[in-house]
Amino acid sequence: MNIIVIGSGGREHAICWKLAQSSLVDKIIVVPGNGGTAYEKKCINVDPKKCDYLNNEDNVFVQIAHHENCRMAIIGPEDPLAEGLSDVFWNAEIPCVGPKKAGAQLEASKDLAKSFMKKYNVACADSETFVDKNAACEYIKKHGVPIVIKADGLAAGKGVVVAATVEDALDAIEDIMESGRVGDAGKKVVIEEYLEGVEISILAAVSVTPEYAVQGNACIVPFLPARDHKRLMDGAKGPNTGGMGAICPLDDVTESIMDKFTKDILEPTKEGLIKEKFDYRGFIFFGVMITKNGPKLLEYNVRLGDPETQAVLPLMDFDFLNMCTSILNGTLNQFKFEWKKGYQVAPVIVSGGYPGMYEKGLPISINEKILEMSGAKIFIAGAVEGKRKSVKDEVFGDLLTSGGRVLACSAYGESFNEAWTKAYQGITSIKFDKAFYRKDIGLPGAAESGDL
């Protein structure tokens with residue numbers, strides 16, 4: 001089977017890598033892909049700008065899928081999902097892993113998501129929504145701090161501010177609603193109570209349609225819990241980022257916590273998807289705060305998380321394509337999920353200056369002998385193909401940096417310490433000018449507390 005995967009990040013590289021392990025997969029067309037998928041087995045990057053067979057009338061991705069005889073589509077990022085690309089694939093009779101447009105609004109609008117949570121009694125933080133800047137500021141002054149301000153729309157991870165002082169909170173309102181830093185995403189804001197606790201990520205497979213609900217097959221199946229480390233520097237200090245590394249599973253997430261998560265968050269979410277008559281076949285990300293009063297939902301993402309995917313997928317001891325097929329045909333409730341008995345640690349290397357301004361086009365060198373000895377796997381997020389030139393054991397210029405988060409170095413171990421040691425051994429094989437990474441991913445004190 002040929003499959004088309006939409007996206008260009010580390011999440012998509014991990015998805016393609018896992019798909020390629022299936023004997024049922026012949027070819028993976030990655031649009032546009034990155035420097036990692038360019039060299040992944042069974043993968044072919046396709047740049048729509050270089051396709052001479054495209055016309056101006058039909059959807060570009062559908063045309064590529066038809067040209068390459070793809071029988072399934074998988075959409076990685078949130079933007080095309082929110083814009084309805086899944087609907088387009090289904091209308092073209094290409095089964096698509098990714099919710100249709102209506103369900104994807106659970107990430108595209110935080111206000112809609114909070115309304116959904118309240119309507120279906122999903123355990124979450126209290127909140128209010130504002131479209132008027134002055135009203136938002138007055139609310140903050142009366143409510144007090146700490147407090148959380150979120151841009152309503154998609155803001156590429158840059159629309160959330162945790163304010164410790166009233167001045168910081170008011171500045172955040174000005175920045176989001178007035179200065180236009182996040183564009184139209186900031187025309188409306190959601191202001192939430194600050195939750196004390198430790199944050200975790202629970203990714204899950206979703207197979208919910210009105211038809212499956214009637215048949216009794218609608219379900220959401222959670223994966224192993226993971227944790228992203230969002231702060232830039234060791235000890236959970238510095239600015240928020242898109243993610244500096246992830247670990248999976250989590251020793252501090254007990255069976256009783258997962259049971260409460262299922263009862264108070266997952267099941268009400270499934271009930272809501274059914275009652276809203278969504279066609280939601282794909283993945284969902286539950287951003288959860290573990291508080292003294294139990295798990296509370298912070299947000300939905302309507303796709304797999306990044307970099308959590310790079311830590312979760314390597315622990316899957318089952319065929320990823322078969323799971324995707326079960327999502328699409330309504331048999332997910334019968335699919336057998338098996339997991340490796342161990343740990344995965346995936347620190348991220350970023351460009352110097354990130355999450356602010358950073359330089360692009362820097363050559364990356366990889367000592368392949370050290371990387372092989374570590375047993376780690378590199379998942380590329382922000383790097384493109386360069387020109388290959390080898391010097392001794394190192395490869396120079398094969399990849400050039402193109403983003404803030406450049407790559408994740410993910411390693412497995414039977415114990416956490418083994419996985420951590422291998423991941424950081426792998427990190428030493430990778431060099432580029434001004435490269436930066438946290439040295440404490442997964443260690444005590446590295447996890448953020450509070451709503452970040």
Side-chain angles (χ1 to χ4, degrees), residues 7 9-18 21 34-37 40 76 157 199-203 223-234 236 241-253 283 285 287 301 303-317 320 339-340 342-351 354 364 366 370-383 399 403-430 435-443 446-448:
R11 165 186 48 234
E12 288 77 41
H13 186 183
I15 289 171
C16 291
W17 167 79
K18 196 64 182 175
Q21 296 174 11
N34 61 32
T37 55
E40 202 62 60
E199 190 173 345
I200 67 171
S201 305
I202 301 178
L203 315 183
F223 299 159
L224 296 176
R227 176 170 289 123
D228 180 16
H229 297 65
K230 293 186 177 70
R231 296 284 187 170
L232 178 66
M233 295 182 289
D234 288 0
T241 71
M244 294 299 294
I247 61 171
C248 182
L250 305 175
D251 289 338
D252 58 330
V253 177
F283 303 108
F285 168 112
N301 290 168
R303 33 74 188 187
L304 295 176
D306 187 345
E308 292 95 337
T309 299
Q310 295 90 301
V312 175
L313 265 59
L315 292 175
M316 291 179 171
D317 203 12
F320 192 82
W339 299 88
K340 295 179 182 177
Y343 295 80
Q344 201 79 20
V345 176
V348 169
I349 302 182
V350 303
S351 297
Y354 174 81
I364 302 171
I366 302 173
I370 293 177
L371 182 63
E372 184 178 356
M373 287 174 58
S374 73
K377 170 67 179 177
I378 293 175
F379 292 115
I380 297 297
L399 295 172
R405 288 190 297 155
V406 177
L407 59 85
C409 189
S410 185
Y412 169 82
E414 292 185 3
S415 66
F416 170 80
N417 287 338
E418 180 186 358
W420 191 92
T421 300
K422 288 181 175 179
Y424 278 94
Q425 181 183 3
I427 284 277
T428 65
S429 72
I430 305 158
F436 179 81
Y437 60 92
R438 281 182 59 166
K439 300 175 179 62
D440 67 342
I441 298 300
L443 297 181
E448 298 88 351

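We use all heavy atoms of the structure for the numbers below, so side chains are in, but hydrogens, waters and symmetry mates are not.
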Student: Go through the structure and list residues passing side chain to side chain donor-acceptor pair (under 3.5 Å) with Arg405, not counting sequence neighbours.
Tutor: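 If we apply the side chain to side chain donor-acceptor pair (under 3.5 Å) test to Arg405, skipping adjacent residues, there are no hits.
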Student: When rounded to the nearest 0.5 angstrom, what distance separates CG in Asn34 from CG in Leu407?
Tutor: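 Rounded to the nearest 0.5 Å, the CG-CG separation comes out at 10.0 Å.
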Student: Could you work out, with salt bridge (Lys or Arg N to Asp or Glu O under 4.0 Å) as the rule, every residue matching Arg11, not counting sequence neighbours?
Tutor: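 Arg11: no salt bridge (Lys or Arg N to Asp or Glu O under 4.0 Å) contacts found.
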Student: Would a 4.5 Å heavy-atom cut-off, applied to side chains only, mark Ile364 and Val406 as touching?
Tutor: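 The answer is yes, as the side chains (C-beta and beyond) meet within the 4.5 Å cut-off.
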Student: Atom CD1 in Ile430, atom CD1 in Ile370: separation rounded to 0.5 Å?
Tutor: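 These two atoms lie 10.0 Å from each other.
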Student: Who are the side chain to side chain contact (heavy atoms under 4.5 Å, CB included) partners of Asp317, not counting sequence neighbours?
Tutor: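 Asp317 satisfies side chain to side chain contact (heavy atoms under 4.5 Å, CB included) with Glu338, Lys340 once adjacent residues are dropped.
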Student: Report the distance from atom SG of Cys248 to atom CG of Leu224, rounding to the nearest 0.5 Å.
Tutor: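 Between Cys248 SG and Leu224 CG, I get 4.5 Å after rounding to 0.5 Å.
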Student: Compare every heavy atom of Val312 with every heavy atom of Ala226, then report the nearest pair and how far apart it is.
Tutor: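 Shortest heavy-atom contact: CB-CG2, 3.9 Å.
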Student: Nearest heavy-atom pair of Cys409 and Ala423: which atoms, and what distance?
Tutor: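 Result for this residue pair: SG-O, 3.6 Å.
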Student: Measure across Ala419 and Gly413 and return the closest heavy-atom pair with its distance rounded to 0.1 Å.
Tutor: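 For Ala419 versus Gly413, the nearest heavy atoms are CB-N, 3.5 Å.
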Student: Taking only residues two or more places apart in sequence or in another chain, which ones pass side chain to side chain contact (heavy atoms under 4.5 Å, CB included) with Asp234?
Tutor: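 Scan of Asp234 (side chain to side chain contact (heavy atoms under 4.5 Å, CB included), adjacent residues dropped) gives Arg438, Lys439, Asp440.
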Student: For the atom pair CG (Asp228) and CD1 (Ile247), what is the distance rounded to the nearest 0.5 Å?
Tutor: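 CD1 of Ile247 is found 10.0 Å from CG of Asp228.
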Student: Using the side chain to side chain donor-acceptor pair (under 3.5 Å) rule, collect all pairs that involve residues 306-315, keeping only residues at least two apart or in two chains.
Tutor: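 Sorted pair list: Ser201-Glu308, Asp306-Gln310.
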Student: What closest approach, in Å, do Leu313 and Ala14 show between heavy atoms, and which atom pair accounts for it?
Tutor: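 Looking at all heavy atoms of both residues, the closest pair is CD2-O, 3.7 Å.
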Student: Listed by chain and number, what are the side chain to side chain contact (heavy atoms under 4.5 Å, CB included) partners of Gln21, not counting sequence neighbours?
Tutor: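 Partners of Gln21 by the side chain to side chain contact (heavy atoms under 4.5 Å, CB included) criterion, ordered by chain and then number, come out as Trp17, Lys18.
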Student: One pair to check against side chain to side chain contact (heavy atoms under 4.5 Å, CB included): His229 and Thr241. What are the steps and the verdict?
Tutor: CA-CA 9 Å; His229 297 65; Thr241 71; over 6 Å; no
Student: Can you give each donor-acceptor pair under 3.5 Å made by side-chain atoms of residues 373-383, sequence neighbours left out, with the distance rounded to 0.1 Å?
Tutor:
from	atom 1	to	atom 2	distance (Å)
Ser374	OG	Leu371	O	2.7
Ser374	OG	Ala376	N	3.1
Lys377	NZ	Glu40	OE1	3.0
Lys377	NZ	Glu40	OE2	3.4

Student: When rounded to the nearest 0.5 angstrom, what is the spacing between CD1 in Ile441 and CE in Met244?
Tutor: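 Here the rounded value is 6.5 Å.
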Student: List the atom of Leu232, the atom of Phe436, and the distance in Å for their closest heavy-atom pair.
Tutor: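 Looks like O-CE2, 3.4 Å.
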Student: Throw together a table of side-chain donor-acceptor distances under 3.5 angstrom for residues 342-349, partners on residues two or more places apart or in other chains.
Tutor:
from	atom 1	to	atom 2	distance (Å)
Tyr343	OH	Asp251	OD1	2.7
Tyr343	OH	Asp251	OD2	3.3
Gln344	NE2	Ser410	OG	3.0
Gln344	NE2	Ala411	O	3.4

Student: With sequence neighbours left out, what residues match Glu418 under salt bridge (Lys or Arg N to Asp or Glu O under 4.0 Å)?
Tutor: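 Counting only residues at least two positions away or on another chain, Glu418 forms a salt bridge (Lys or Arg N to Asp or Glu O under 4.0 Å) with Lys422.
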Student: Is Tyr412 close to Leu315 at the side-chain level, that is, under 4.5 Å between some pair of heavy atoms?
Tutor: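 Result yes, sub-4.5 Å side-chain heavy-atom pair found.
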Student: Tell me, with the steps shown, if Leu304 and Phe285 meet side chain to side chain contact (heavy atoms under 4.5 Å, CB included).
Tutor: CA-CA 6 Å; Leu304 295 176; Phe285 168 112; over 6 Å; no
Student: Kindly write out the residues that satisfy ring pair (Phe, Tyr, Trp, His ring centres under 6.0 Å) with Phe223, not counting sequence neighbours, or none if the list is empty.
Tutor: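 Checked Phe223 against ring pair (Phe, Tyr, Trp, His ring centres under 6.0 Å); matches are Trp339.
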Student: I'd like to check the ring pair (Phe, Tyr, Trp, His ring centres under 6.0 Å) partners of Tyr354; sequence neighbours left out, ordered by chain and number.
Tutor: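 Tyr354 satisfies ring pair (Phe, Tyr, Trp, His ring centres under 6.0 Å) with no residue once adjacent residues are dropped.
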